[in-house]
Q: 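Sharing a structure with you now.
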Amino acid sequence: MRIDIDKDVCIGAGQCALTAPDVFTQDDDGYGTVRPGREDGAGSPLAREAARACPVSAVTVTDPG
């Protein structure tokens, strides 16, 4: 799994960090960011749910293929 946040789309709603705080956090400006070393989701079952919770679809979760 690979997790990315489109910084040009993110509005800082924080739903990703609220849904999967072990994978996501917010930067100093309030925008979502993936925690260092967690770009693969770190096995969190909530990573995909966090992507679905984003109101502007800035979070993408892809599977290597």
Side-chain angles (χ1 to χ4, degrees):
M1 167 184 329
R2 172 90 182 147
I3 301 171
D4 291 296
I5 297 178
D6 187 335
K7 296 291 187 181
D8 294 329
V9 176
C10 181
I11 61 170
Q15 295 304 306
C16 58
L18 288 171
T19 304
D22 55 330
V23 177
F24 300 94
T25 189
Q26 288 178 283
D27 65 17
D28 292 339
D29 294 321
Y31 294 102
T33 185
V34 179
R35 291 186 179 277
R38 305 294 179 142
E39 295 84 1
D40 64 353
S44 173
L46 296 175
R48 290 184 193 281
E49 183 60 34
R52 285 189 289 270
C54 180
V56 293
S57 301
V59 180
T60 55
V61 177
T62 54
D63 289 311

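All values below were derived from every heavy atom in this structure, side-chain atoms included, with hydrogens, water molecules and symmetry-related copies excluded. When a residue number appears, it is its place in the shown sequence, counting from 1.
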Q: Could you give the side-chain donor-acceptor pairs of residues 48-59 under 3.5 Å, partners two or more places apart or in another chain?
A:
residue : atom : partner : partner atom : Å
R48     : NH2  : D63     : OD1          : 2.7
R48     : NH2  : D63     : OD2          : 2.9
E49     : OE1  : R52     : NE           : 3.4
E49     : OE1  : R52     : NH2          : 3.1

Q: A47 and M1: which non-hydrogen atoms are nearest, and at how many Å?
A: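 Here A47 and M1 meet closest at CB-SD, 4.0 Å.
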
Q: Can you sort out the partners of D6 under salt bridge (Lys or Arg N to Asp or Glu O under 4.0 Å), two or more places apart, ordered by chain and number?
A: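 Checked D6 against salt bridge (Lys or Arg N to Asp or Glu O under 4.0 Å); zero matches.
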
Q: Check the hydrophobic clustering (I, L, V, M, F, W, Y; side-chain heavy atoms under 4.5 Å; chains of links allowed) and say if I3 and V9 are grouped together.
A: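 Different clusters: I3 never reaches V9 through Ile, Leu, Val, Met, Phe, Trp or Tyr contacts under 4.5 Å.
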
Q: Go through it in stages, so that I can follow the logic: the residues are F24 and V34, the test is side-chain contact (heavy atoms from CB on, under 4.5 Å), and I'd like the CA-CA distance, side-chain angles, deciding distance and then a yes or no.
A: CA-CA 5 Å; F24 300 94; V34 179; 4.0 Å; yes

Q: Between G32 and C16, which heavy-atom pair has the shortest distance, and what is it?
A: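 Nearest pair, atom of G32 first, then C16: CA-SG, 4.2 Å.
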
Q: Show me the donor-acceptor pairs within less than 3.5 Å that the side chains of residues 35-42 make with the rest of the protein, sequence neighbours left out.
A:
residue : atom : partner : partner atom : Å
R35     : NE   : P21     : O            : 2.7
R35     : NH2  : P21     : O            : 3.4
E39     : OE1  : G37     : N            : 3.2
D40     : OD1  : A42     : N            : 2.9

Q: Can you pull out every salt bridge (Lys or Arg N to Asp or Glu O under 4.0 Å) where at least one residue sits in residues 13-34? Sequence neighbours excluded, please.
A: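 Residue pairs with at least one partner in residues 13-34: there are none.
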
Q: Hydrophobic cluster mates of Y31, side-chain heavy atoms under 4.5 angstrom, ILVMFWY only, any path?
A: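 So far as hydrophobic clustering goes, Y31 is joined with none.
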
Q: Would you call T60 and R2 a side-chain contact if the rule is heavy atoms closer than 4.5 Å?
A: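 Result no, sub-4.5 Å side-chain heavy-atom pair not found.
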
Q: Hey, any chance V61 and V23 share a hydrophobic cluster, counting ILVMFWY side chains that come within less than 4.5 Å of each other, even indirectly?
A: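 Linked, V61 and V23 end up in one cluster.
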
